[in-house]
Structures are given as structure tokens and as C-alpha cells.
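Whatever order the structure lists ligands and atoms in, that order sets their numbers, starting from 1.
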Amino acid sequence: MARVFVLGATGTIGQATVRALRQRGHEVVAFVRPRAGVGGRLQQADTARLLPGATLRFGTPSDPQSLQRDGFQGERFDALVSCLASRTGAPADAWAIDHQAHLHALNAARQAGVQHWVQLSALCVQKPLLGFQQAKLAFERELMASGLRWSIVRPTAFFKSLSGQVERVRQGKPFLLFGDGRLTACKPISDADLADYLAGCLSDPARFDRVLPIGGPGPALTAREQGELLFAALGLPPRFKSVPVGLMDAIVGVLSTLGRVLPGLAPKAELARIGRYYATESMLVWDPVAGRYDAEATPSTGSQTLGAYYAAVAAGVEVLPERGDHAVF
Ligand SMILES: NC(=O)c1ccc[n+]([C@@H]2O[C@H](COP(=O)([O-])OP(=O)(O)OC[C@H]3O[C@@H](n4cnc5c(N)ncnc54)[C@H](OP(=O)(O)O)[C@@H]3O)[C@@H](O)[C@H]2O)c1
């Protein structure tokens, strides 16, 4: 059993990771903001209900003084698990949170005696074309050079990011696809399976000092196959509508040009670039020699499938999470 300091505990994967750490018998101290969640809608009591079994400390995780004073409080910890990430993915926010806030935390963690740091990252950083990917990579490099034991977990797509069309399909609208819907694929991973994998990094030597791409169980699924699963879960005949990738290019182009004149539009241009990235890049391990994504080389973990998740959503057993700014993914 380890004493674990958790960052980003109020996020989708952070909440699941606190549960997984507690299930494995670890002591968890979560350092969170007093107003947390999408749009700051969670009050302290709401956060406490979401994270049973964890000791909560409130403060400003991005502020080095608050980290020391309100977070670590001069105590010793064995490990740090971070699921902290910019909620917007906008470059300035990503550099402030995914990079700078983590650097402050790395400093504080060293002083608190932390031996092992488990970092939730993203598989897409293997092909970094976006600002938030560069910010994540810059911190990954600092962590690898820190002298601490590290585990960098780079998952493929989360279920919540593949659920953006549930409501429109339920209303009888077609499932939107880029191109023929076979341009990209991923191995969807559930929150609980990913959380268990993150928590397992603390005890599995095969995950020490490694970059760990990880997907969920089963074969890689194209966007069209994901749509077919959703129609099957809702008991509806499949109906697809193709959107040309060129349309995304046009939107990115227009917003980028306008964003140079009207600064208010610059974040929207970046969100459009993020959308275009996910419309055209698979969330599978990239083989730089063959110049293609490789489903076979993308490891799998866990047992929960996207099809079962869609069925649970259709039956009302599973409630769709608030997707906030990530709705773009
Ligand atoms: N979506 C996908 O399919 C996918 C796939 C692979 C990897 N990933 C990566 O997985 C990571 C986590 O995803 P997620 O969906 O769990 O994220 P999330 O739900 O947006 O949670 C983000 C966490 O970071 C905290 N945070 C954000 N900005 C903060 C700030 N300024 N100060 C303090 N705390 C802040 C949030 O706290 P508050 O509650 O206080 O805001 C929350 O705890 C991201 O790095 C993402 O890139 C995502």
C-alpha cells in the first residue's frame, strides 16, 4: 500500500483513478480546486461525494505556493498520479497546466519524497501537430529526466469522446462520418479500465520507466464501425452522412485567417484544428518505418467494450458524462 498524491482527481479519468487506487488499498490524497468540474459547477461537498475514501485538500494546483502549503503540507508521499490536463486544449491553457503546473508539482513532489510518478498523457502526442500535444511532450521529457521512477500512460480514445453523437442518432438523425468513415480507427478504452491500468503502474515493474500506449479490449474500430455499434445499441437501422475532410480544412483556414485579425477567434481556430486532427489521425500506435498506424502494435487492457457501453447508455443504465470543452473531440 502506498501513500499517493493525486492531481486532476475531479476529471473523468481522475475520478475513476481515485476509485482504482482505493480498490487496490492505497491511501489517496487528492489536491483539487474548491470549484471544480466542467464550468466550475462542483462545490466542495459535491467533490467529496464523487471521491469517497480520498482525503481532499483544496487549493490552486497550478500555483507552486498553494501546492506546498495546501497540497503537500510538508508531508511525505510515496507516489504521485496525475490526471491533470487543460480542460480546453487551447495552447496557452495547455502550456499553463499540462506543462507548467506539472513542473511545479514535480518540484514539490521531489521535496515530499515521491519515488514514482504516474502520468496520464495521450497517444496522439506521438504525432504532435497541436499546441497541447507539444505541451504534454515537453513535460514528459522533464519527467523522464527527473530521476524519479516514471510511468507515462498514453491511452487511445475514451468512451466519452466517442459518445458525441448519441443524442442526434437517438433523435433519428444520421451518424456523421468524415469521408467514408474508415479514415481513422482507435481501440476505445473505458474510464475504469484505464484507471485500473494507471493504478497498476505503481506495482508492475514492466510499467516502470516506460512510455505505455494503451487501448481497450477487442479489435480497432473505425468511425463507421463505432456508428454501427451505436445504431445496434439503440435498435435503429444504420444511417450515415459523409462530411468531406475538405470542409474541415476550409473551416480551419477561414478561422485561422480571421483569428489573426480578431483575437477572439484564435481559440476557435485551434479547436477546429484539434477537430481536424481527430478526423484524420487514428488513435493507434504509429509505425514510423511503415508510415502507418498499427492496430496490432497497440496494446489492449481491460474488459469493457464500447458496444456494451453504448448498450448501457441506450438502456439508461449509464449516464453520458458532461463533455465540456472536450465536446470537440
Ligand atoms: N478524451 C480522450 O479521448 C482522450 C484520449 C487520450 C488521452 N486523453 C487525455 O486524458 C487526459 C485527461 O482527460 P479527462 O477527460 O479525464 O480530463 P478532464 O475530465 O477534462 O479533467 C481534467 C482535470 O484537470 C483539472 N484541471 C484542468 N484545468 C485546471 C486548472 N487550471 N487548475 C487546476 N486543475 C485543472 C480538472 O480540474 P477541475 O475539475 O477543477 O476543472 C480535472 O480534474 C487529458 O490529458 C487528455 O488529453 C484524452
Would Phe139 and Ser121 satisfy side-chain contact (heavy atoms from CB on, under 4.5 Å), going step by step from the backbone distance to the final call? CA-CA 10 Å; Phe139 178 68; Ser121 182; over 6 Å; no

Given Arg33 and Thr47, is the side-chain hydrogen bond (donor to acceptor under 3.5 Å, both in side chains) satisfied, shown in steps? CA-CA 9 Å; Arg33 295 196 276 191; Thr47 301; over 6 Å; no

Can you find an N/O atom of [X] closer than 3.5 Å to an N/O atom of ligand 1?
X	value
Ala85	yes
Ser62	no
Ala122	no
Lys136	yes
Asp93	no
Thr12	yes
Gly37	yes
Gly11	yes

If we set the cut-off at 4.0 Å for heavy atoms, which region of [X] has an atom near ligand 1: side chain, backbone, both, or neither?
X	result
Thr156	backbone
Ser121	backbone
Arg154	neither
Ile97	side chain
Ser161	side chain

Check whether [X] reaches the backbone of [Y] with its side chain - one donor and one acceptor, N or O, closer than 3.5 Å.
X	Y	result
His102	Asp98	yes
His26	Val4	no
Thr298	Val285	yes

Hey, which of His116, Arg210, Gln119, Arg207 is the one that makes side-chain hydrogen bond (donor to acceptor under 3.5 Å, both in side chains) with Ser151?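 The passing option is His116.
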
May I ask which of Phe158, Tyr278, Phe132, Phe159 has a heavy atom nearer to atom 4 (C) of ligand 1 than the others do?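 Selected option, by shortest heavy-atom distance: Phe158.
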
For Arg149 and Trp117: C-alpha separation, side-chain torsions, deciding distance, then whether side-chain contact (heavy atoms from CB on, under 4.5 Å) applies. CA-CA 6 Å; Arg149 176 183 294 159; Trp117 182 300; over 6 Å; no

Can Tyr310 and Gln226 be counted as having a side-chain donor-acceptor contact under 3.5 angstrom?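 Short answer, no.
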
Compute whether any side-chain donor of one residue and acceptor of the other, for Arg292 and Ser282, lie under 3.5 angstrom apart.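 No.
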
Heavy-atom closest pair, residues Tyr277 and Cys124: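 Minimum heavy-atom contact is OH-O, 3.1 Å.
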
Should Lys160 be listed as contacting ligand 1, given a heavy-atom distance under 4.0 Å as the test?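 It does, in that a heavy atom of Lys160 comes within the 4.0 Å cut-off of ligand 1.
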
For ligand 1, which atoms sit closer than 4.0 Å to a heavy atom of [X]?
X	answer
Thr10	36 (C), 37 (O), 38 (P), 39 (O), 40 (O), 42 (C), 43 (O)
Ala157	3 (O)
Ile13	16 (O)

Could you give the distance from CG (Leu84) to CG (Leu120), rounded to the nearest 0.5 Å?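 So the CG of Leu84 and the CG of Leu120 are separated by 10.0 Å.
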
